[in-house]
Protein chains: 2
Amino acid sequence: MKKIQVVVAEDQAMVLGALAALLETEPDIAVCARASNGREALTAISKLKPDVLVTDIEMPEMTGLTLAAEVRDRYPQTRVVILTTFARPGYLRRALDAGAKGYLLKDRPSAELADAVRRAHRGLRVVDPQLAAEAWETGPDPLTERERQILWRAGEGKSSGEISEELHLSEGTVRNYLSEAISKLGASNRVEAARLARSRGWL
Amino acid sequence: MKKIQVVVAEDQAMVLGALAALLETEPDIAVCARASNGREALTAISKLKPDVLVTDIEMPEMTGLTLAAEVRDRYPQTRVVILTTFARPGYLRRALDAGAKGYLLKDRPSAELADAVRRAHRGLRVVDPQLAAEAWETGPDPLTERERQILWRAGEGKSSGEISEELHLSEGTVRNYLSEAISKLGASNRVEAARLARSRGWL
DNA sequence: GCAACTCCATGACAAACGTCATGCTGCTTT
DNA sequence: AAAGCAGCATGACGTTTGTCATGGAGTTGC
């Protein structure tokens, strides 16, 4: 019997090690490489051609979502399972667009990880039904590229003036985009708008 | 030979399971209970009187910092190791004030966890030297209680008007506290101030 | 007792913010 | 070709935010 070969990518070393230990307790699964960012994972995958990649989303160098898209394009035999803290509709949508087979939350019981790996390996989808429903209700990202750029910077604490310089716009224009974003999100100011957009995975 | 008895507390079930699996690979360590929040951990400790508690900070019901203080007061034979994502000076300071023996970051290699448990069990301190230095440089929390209350709400996206109603203050007063906080933190507006304070563990 | 100090509280004023009306692309749809 | 639409861009106008000067209440040190 051949074990399912898995690469795990996760930027918190302690969690990476722990997840690997968890998967190693399964008799039919082998962790053949560990990566602490997207680039490392891609290198490992190119060499080892594993059956499954388990990856976090928020990582330095290359996010798990970008990584998933790369893997789909270059190594389609490797199935991707996203493993993340964030129940953000926007993340789920982008993950599925990027060809991920699974989207698993870190709040789920640890027993589900091995199951998800097995199911993904067989080509099946693994998506939390509640999250999928929420993603459906929330609808797609209503922000335009400009609005996203500007709202992100506003959420960092930058003033309209600073943002306008950075993007070579007039200050009024920046305020206008923010106003649009605030209105689209049903917020009452830039801070709330940024928080909302972040919580839905749109920033 | 008797194994070191450990309770692990962590709100993300997947990570909890993974950390337990990681510790179980050590021949001299046994995970005798798992808890997904501070209250559960306290119950487990009261029954099992373990040697070491490994706990996250940000958890529902009761944070790891509060938990550490309770454990110090009621079960002093149990040593506490804080295990967290956040390299926040304010958290470290509060953890040590709460009698924690160790403060370990989730970006550290997973091999360090077992070491930290062993050292804590022997009554030794385990604190990342770099983080300790940073905590020293950053100095203590400069915010007053009022400033913290108000800055926290401002960071949530609330307007000065809303905050003033909530706390029964005049709007000008709220703006003034924010101005003070902004100045103390060297920020240039409320958003940046809130971000800074959060990143240092003062909110 | 009374400085000196810290925290709490306020209003006046200038600066930044949010909204609105408006116009300019480019790209479908008819 | 014309109409419709989405995104981009701007300035004017009223509102919110940030700063500053000022004062009261409680504590500490002498």
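Only this structure's heavy atoms are used, side chains among them; waters, hydrogens and symmetry mates stay out. Note that the structure is a prediction, hence the values are computed from the model and not measured.
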Heavy-atom side-chain contact between A/Ile45 and A/Pro50 under 4.5 Å: yes

The helix from C/dG1-D/dC30 to C/dT30-D/dA1: angle between terminal helix axes, five bp per end, to the nearest 10 degrees, reads 30°

Nearest-angstrom distance from the residue atom CG of B/Asn189 to C1' of D/dT19: 14 Å

Under 4.0 Å between a side-chain N/O of B/Ser183 and OP1 or OP2 of D/dT19, yes or no? no

Would you please confirm or rule out a distance under 4.0 Å between OP1 or OP2 of D/dC8 and any side-chain N or O of A/Thr144? yes

A/Ser188 side-chain N/O to C/dG18 phosphate OP1/OP2 under 4.0 Å: no

Atom CD1 of B/Ile182 and atom C1' of D/dT16 are separated, to the nearest Å, by 13 Å

Among B/Leu53, B/Val80, B/Leu48, B/Leu42, which one satisfies side chain to side chain contact (heavy atoms under 4.5 Å, CB included) with B/Tyr75? B/Leu42

A/Arg146 atom CZ is separated from D/dT10 atom C1', nearest whole Å, by 13 Å

With a 4.5 Å limit on heavy-atom distance, are the side chains of B/Leu178 and B/Leu151 in contact? yes

Using whole Å, what does the distance between atom C1' of nucleotide C/dG18 and atom CD of A/Glu147 come to? 14 Å

Give a yes/no answer on whether the side chain of A/Ser160 brings an N or O atom under 4.0 Å of OP1 or OP2 in C/dC17. yes

Under 4.0 Å between any heavy atoms, over every strand shown, what does B/Asn176 touch: base, sugar-phosphate, or nothing? Just pick one. base

Figure out the CZ/C1' separation between A/Arg190 and C/dA16, and round it to whole Å. 8 Å

Within 6.0 Å of CZ in A/Arg118, more than 12 heavy atoms from elsewhere: yes

Take atom CD of B/Glu180 and atom P of D/dT19, then tell me their distance rounded to the nearest Å. 10 Å

If we only count heavy atoms from C-beta on, is the B/Gln77 to B/Asp51 side-chain gap below 4.5 Å? no

For the side chain of B/Ser170, counting heavy atoms from C-beta on, which of C/dG18, C/dT10, D/dC8 is nearest? C/dT10

When you match B/Pro142 and B/Gly172 each to their closest nucleotide on DNA chain C, which lands nearer the 5' end? B/Pro142

Looking at A/Ser159, does any N or O in its side chain come under 4.0 Å of the phosphate oxygens OP1/OP2 on C/dA16? no

Does any non-hydrogen side-chain atom of A/Val126 lie less than 4.5 Å from one of A/Tyr103? no

Got a salt bridge between A/Glu10 and A/Lys106, using NZ or NE/NH1/NH2 to carboxylate O under 4.0 Å? yes

Is any side-chain N or O of A/Ser179 closer than 4.0 Å to OP1 or OP2 of C/dT19? yes

Grab the CG-C1' distance between A/Leu167 and D/dA9 for me, whole Å please. 13 Å

Between C1' of D/dA12 and CZ of A/Arg175, the distance in whole Å: 10 Å

